[in-house]
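What follows is one structure encoded as structure tokens, with my remarks underneath.
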Amino acid sequence: MPRFFLTTAIDYANGEPHLGHALEKIGADTIARFHRQLGYDVHLLIGMDEHGQKVAQTAEKEGVPPQQFVDGIADLFQAMWARLGVAYDQFIRTTSPEHKAAVARLIEQIFAADVSLPEPQRNFYERSYTGMYCVGCESFKQPADIVEGKCAVHPTRTLEEVTEHNWFFRLSAYTGRLKQLFADHPRFLEPESRRNEILQLLEQGLDDISASRSRFDWGVPFPRPLSNGDTQTMYVWFDALPNYWTACFFPGYADKAAWPANLHVIGKDITRFHAVIWPAMLMAAGEPLPAQVWAHGFISLGGERFSKSAGVKLQLAEAVDRYGVDAFRYYLLRDVPFDGDGNFSWERFEEVYNSDLANTLGNLGSRSIAMIEKYRAGVVPAAAPDAELFAAHDASLVQARAAVDGDRRYRPHEVIGALMDVARRTNEYIQRTQPWVLAKDPAHAAQLDSVLVTLEASLATCAAWLAPVMPEKMQALWAQLGGAGDVARARLDQRIDVAGWTVTKGAPLFPKPDAPPGA
RNA sequence: GGCUGGGUAGCUCAGCUGGUGAGAGCGCACGACUCAUAAUCGUGAGGUCGAGGGUUCGAUCCCCUCCCCAGCUACCA
């Protein structure tokens with residue numbers, strides 16, 4: 001069985017999970033579920049990035065030791081993932097001893113490689129760095145961020161010229177190899193818009209980056225002391241990025257999380273770290289590279305750019321409660337293209353819920369199951385589904401497959417679109433064949449059989465293909481259709497044989513909001 | 001400022017290397033049907049394909065200029 005090891009960005013532990021986190025995790029979870037149903041041995045890695053100055057500061061503000069603080073945040077995130085049906089296989093935390101040990105190991109691996117290099121080419125070297133430090137931001141400012149000699153964010157404070165002595169990583173040495181990587185593997189970074197940005201960056205040439213910090217200690221100690229004897233803390237990205245690699249050093253995960261990963265799902269804002277720094281680190285360590293990095297877009301709220309203040313406007317719990325988890329997952333994935341940005345609005349949510357879920361899909365289930373019950377006592381006839389209709393369906397499924405496991409990957413919204421085509425086409429088919437007319441004349445029994453199997457088979461296809469998006473609802477549909485066991489085990493690359501299944505009409509799958517529940 | 005990607009029906013968007021009448025979904029209007037969650041099916045409304053110019057027998061798709069939007073322009077993550 002082919003492996004499919006995918007990861008999401010580990011979330012920075014200085015706040016509660018919000019809509020942006022949810023989009024990425026639901027997207028990755030759905031991609032993972034699709035692959036499970038396509039016969040891959042899937043490993044989905046998720047986790048928390050828990051080190052760094054900001055986390056330490058936030059913890060201090062809360063008056064809690066940092067470890068205790070991040071423990072609490074991790075609980076919040078895991079509870080949210082459970083709520084959203086994000087079925088990860090491994091949850092990594094950068095504060096765990098296994099991770100810290102493995103990070104040190106990766107760094108040492110780079111030092112080991114350095115031994116054979118002449119000094120001017122070594123990956124890690126010590127260097128003094130002088131920059132303008134803003135006390136308000138507690139960080140160094142780049143020239144572009146400085147306005148009239150002051151930090152743009154804190155114009156009342158004076159910038160201090162500060163010199164730090166750190167470990168540096170010779171990122172500049174990888175410009176050529178990275179260019180080669182992008183040339184040899186055009187799909188290493190997608191979508192294309194993000195790839196273009198990185199190509200431009202590489203064209204400019206890369207600067208070395210610092211790999212350790214002296215100003216705080218909430219992190220992994222850099223494994224080697226400086227020549228002056230000081231031990232510094234690793235720059236958070238040097239601690240965070242390797243999580244994908246350190247995952248396999250946790251007990252029980254040696255095989256499941258074996259490096260390299262097939263896919264890193266990340267947000268477009270951290271493209272550079274994943275498409276430049278991380279590959280360079282791996283090259284330095286002599287490790288294989290991940291097959292692909294996918295940078296998804298952002299979701300805004302009511303047209304406004306997502307921000308901490310905006311985050312208050314939408315409680316995830318509220319969004320989930322309104323129409324249920326699965327409808328929330330569906331809405332996000334359907335309305336936010338995974339290769340671009342999208343917007344969240346309750347108006348759209350309602351439109352999509354009513355139109356796609358209640359009217360098109362839900363009602364298709366209701367009417368089909370009702371007819372099988374009424375005309376055939378609930379037993380699906382042993383006939384062949386309509387060949388012409390299924391030829392059209394199959395064409396849709398080819399598109400769907402391409403959007404998760406082919407040329408168009410990874411675009412769950414296109415999978416959804418293809419399956420809605422299947423549902424709409426099936427509703428159309430009902431209108432065209434008019435089974436209620438066929439039912440009136442026993443002479444048309446065979447024809448009616450054919451129509452009913454076709455409906456059942458179409459619905460089973462929808463249930464199987466949409467299960468990754470809406471696990472619970474599609475399980476319910478599957479059960480109503482009389483499918484055995486778990487819909488999540490239904491293979492997407494095989495035709496589902498529905499002959500002989502016994503349907504059971506239950507409550508509407510997607511009740512209208514104003515309808516009494518269960519009506 | 002530089003670079004990248006965009007500006008197509010009320011909304012969200014498809015339109016590969018230029019060519020018979022510019023599309024889909026939603027929304028809207030009208031009609032049909034009754035199996036179904038007042039759901040479904042059909043029809044329609046006719047949008048200067050951002051603006052101007054150019055190349056061409058012919059451009060939404062090629063070139064130039066301009067306007068507008070978004071992103072990137074490196075050590076917060």
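Quick note on labels: first sequence line is chain A, next is B, and so on, each numbered from 1.
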Nearest whole Å is fine: how far is [N] [atom2] from [X] [atom1]?
{"X": "A:E414", "N": "B:C13", "atom1": "CD", "atom2": "P", "value": "13 Å"}
{"X": "A:I430", "N": "B:A36", "atom1": "CD1", "atom2": "C1'", "value": "8 Å"}
{"X": "A:Q204", "N": "B:U4", "atom1": "CD", "atom2": "P", "value": "12 Å"}
{"X": "A:I198", "N": "B:C3", "atom1": "CD1", "atom2": "C1'", "value": "13 Å"}
{"X": "A:H51", "N": "B:C76", "atom1": "NE2", "atom2": "C1'", "value": "16 Å"}
{"X": "A:L178", "N": "B:A74", "atom1": "CG", "atom2": "P", "value": "18 Å"}
{"X": "A:D269", "N": "B:A74", "atom1": "CG", "atom2": "P", "value": "15 Å"}
{"X": "A:K268", "N": "B:G6", "atom1": "NZ", "atom2": "C1'", "value": "12 Å"}

So [X], base contact, sugar-phosphate only, or nothing? Heavy-atom distance under 4.0 Å.
{"X": "A:D49", "result": "sugar-phosphate"}
{"X": "A:A358", "result": "base"}
{"X": "A:Q200", "result": "base"}
{"X": "A:D239", "result": "nothing"}
{"X": "A:I369", "result": "nothing"}
{"X": "A:K440", "result": "nothing"}
{"X": "A:R213", "result": "base"}
{"X": "A:G267", "result": "nothing"}
{"X": "A:F273", "result": "base"}
{"X": "A:N196", "result": "sugar-phosphate"}
{"X": "A:L206", "result": "base"}

Would you say the rings of A:Y331 and A:Y353 are close, in the sense that their centroids are separated by under 6.0 Å? no
A:H274/A:Y244 aromatic ring centres below 6.0 Å: yes
Just N and O in the side chain of [X]: are any of them under 4.0 Å from OP1 or OP2 of [N]?
{"X": "A:Y235", "N": "B:A77", "answer": "yes"}
{"X": "A:K512", "N": "B:A38", "answer": "no"}
{"X": "A:K505", "N": "B:U37", "answer": "yes"}
{"X": "A:R272", "N": "B:U73", "answer": "yes"}

Less than 4.5 Å apart, side chain to side chain, heavy atoms only: is that true for A:N14 and A:I73?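 In short, these two side chains do not touch, never coming nearer than 4.5 Å.
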If the [atom1] atom of [N] is compared with that of [M], how far apart are they to the nearest Å?
{"N": "B:A14", "M": "B:C33", "atom1": "C1'", "value": "31 Å"}
{"N": "B:U17", "M": "B:G7", "atom1": "P", "value": "14 Å"}
{"N": "B:A24", "M": "B:A77", "atom1": "P", "value": "49 Å"}
{"N": "B:G58", "M": "B:C41", "atom1": "P", "value": "44 Å"}
{"N": "B:G5", "M": "B:U43", "atom1": "P", "value": "39 Å"}
{"N": "B:G27", "M": "B:U12", "atom1": "C1'", "value": "11 Å"}
{"N": "B:C28", "M": "B:C67", "atom1": "P", "value": "40 Å"}
{"N": "B:G71", "M": "B:C13", "atom1": "P", "value": "15 Å"}

Between the side-chain atoms of [X] and the base atoms of [N], is any donor-acceptor pair under 3.5 Å?
{"X": "A:K54", "N": "B:C76", "value": "yes"}
{"X": "A:S210", "N": "B:C75", "value": "yes"}
{"X": "A:N363", "N": "B:A36", "value": "yes"}

Let me spell it out: for each of A:S193 and A:G52, pick the nucleotide of RNA chain B with the closest heavy atom. Which residue's pick is nearer the 5' end?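 Of the two residues, A:S193 wins.
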The residue, A:E351 or A:R425, whose nearest nucleotide of RNA chain B is more 5′ is A:E351
Minimum-distance nucleotide (side-chain atoms of [X] versus [options]):
{"X": "A:L509", "options": "B:U37, B:A74, B:U40", "value": "B:U37"}
{"X": "A:L171", "options": "B:C35, B:A77, B:A74", "value": "B:A74"}
{"X": "A:R367", "options": "B:G71, B:A77, B:U40", "value": "B:U40"}
{"X": "A:E197", "options": "B:U4, B:G71, B:A77", "value": "B:G71"}
{"X": "A:R424", "options": "B:A36, B:A77, B:G25", "value": "B:G25"}
{"X": "A:N427", "options": "B:U37, B:A77, B:U40", "value": "B:U40"}

Flag yes if more than 12 heavy atoms outside A:E472 fall under 6.0 Å of its CD atom; otherwise flag no. no
Give a yes/no verdict on a cation-pi contact between A:R170 and A:Y125, requiring under 6.0 Å between NZ or CZ and the six-membered ring centre and an angle within 45° of the axis. yes
Taking the six-membered ring of A:F338, is the NZ or CZ of A:R411 close enough (under 6.0 Å from the centre) and on axis enough (within 45°)? no
Please walk me through it: do A:D71 and A:R93 pass salt bridge (charged side-chain N to carboxylate O under 4.0 Å, His left out)? CA-CA 9 Å; A:D71 287 350; A:R93 297 181 54 191; 2.6 Å; yes
With A:H51 as reference, evaluate A:W218, A:F216, A:F69 under the ring-ring contact (aromatic ring centres under 6.0 Å, His included) test and give the passing residue.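 With A:H51 as partner, ring-ring contact (aromatic ring centres under 6.0 Å, His included) holds for just one option, A:W218.
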Evaluate A:F124 against A:F168 for ring pair (Phe, Tyr, Trp, His ring centres under 6.0 Å), listing each step before the verdict. CA-CA 5 Å; A:F124 285 126; A:F168 265 70; over 10 Å; no
Of A:F328, A:Y330, A:W81, which meets side chain to side chain contact (heavy atoms under 4.5 Å, CB included) against A:I26?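 Exactly one pass, corresponding to A:F328.
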Heavy-atom closest pair (A:V103 atom, A:D239 atom, distance to 0.1 Å) is CG2-O, 3.8 Å
Helical stems, RNA chain B - three or more consecutive Watson-Crick or G-U wobble pairs below 3.5 Å: B:1-7 with B:67-73, B:10-13 with B:23-26, B:28-32 with B:40-44, B:50-54 with B:62-66
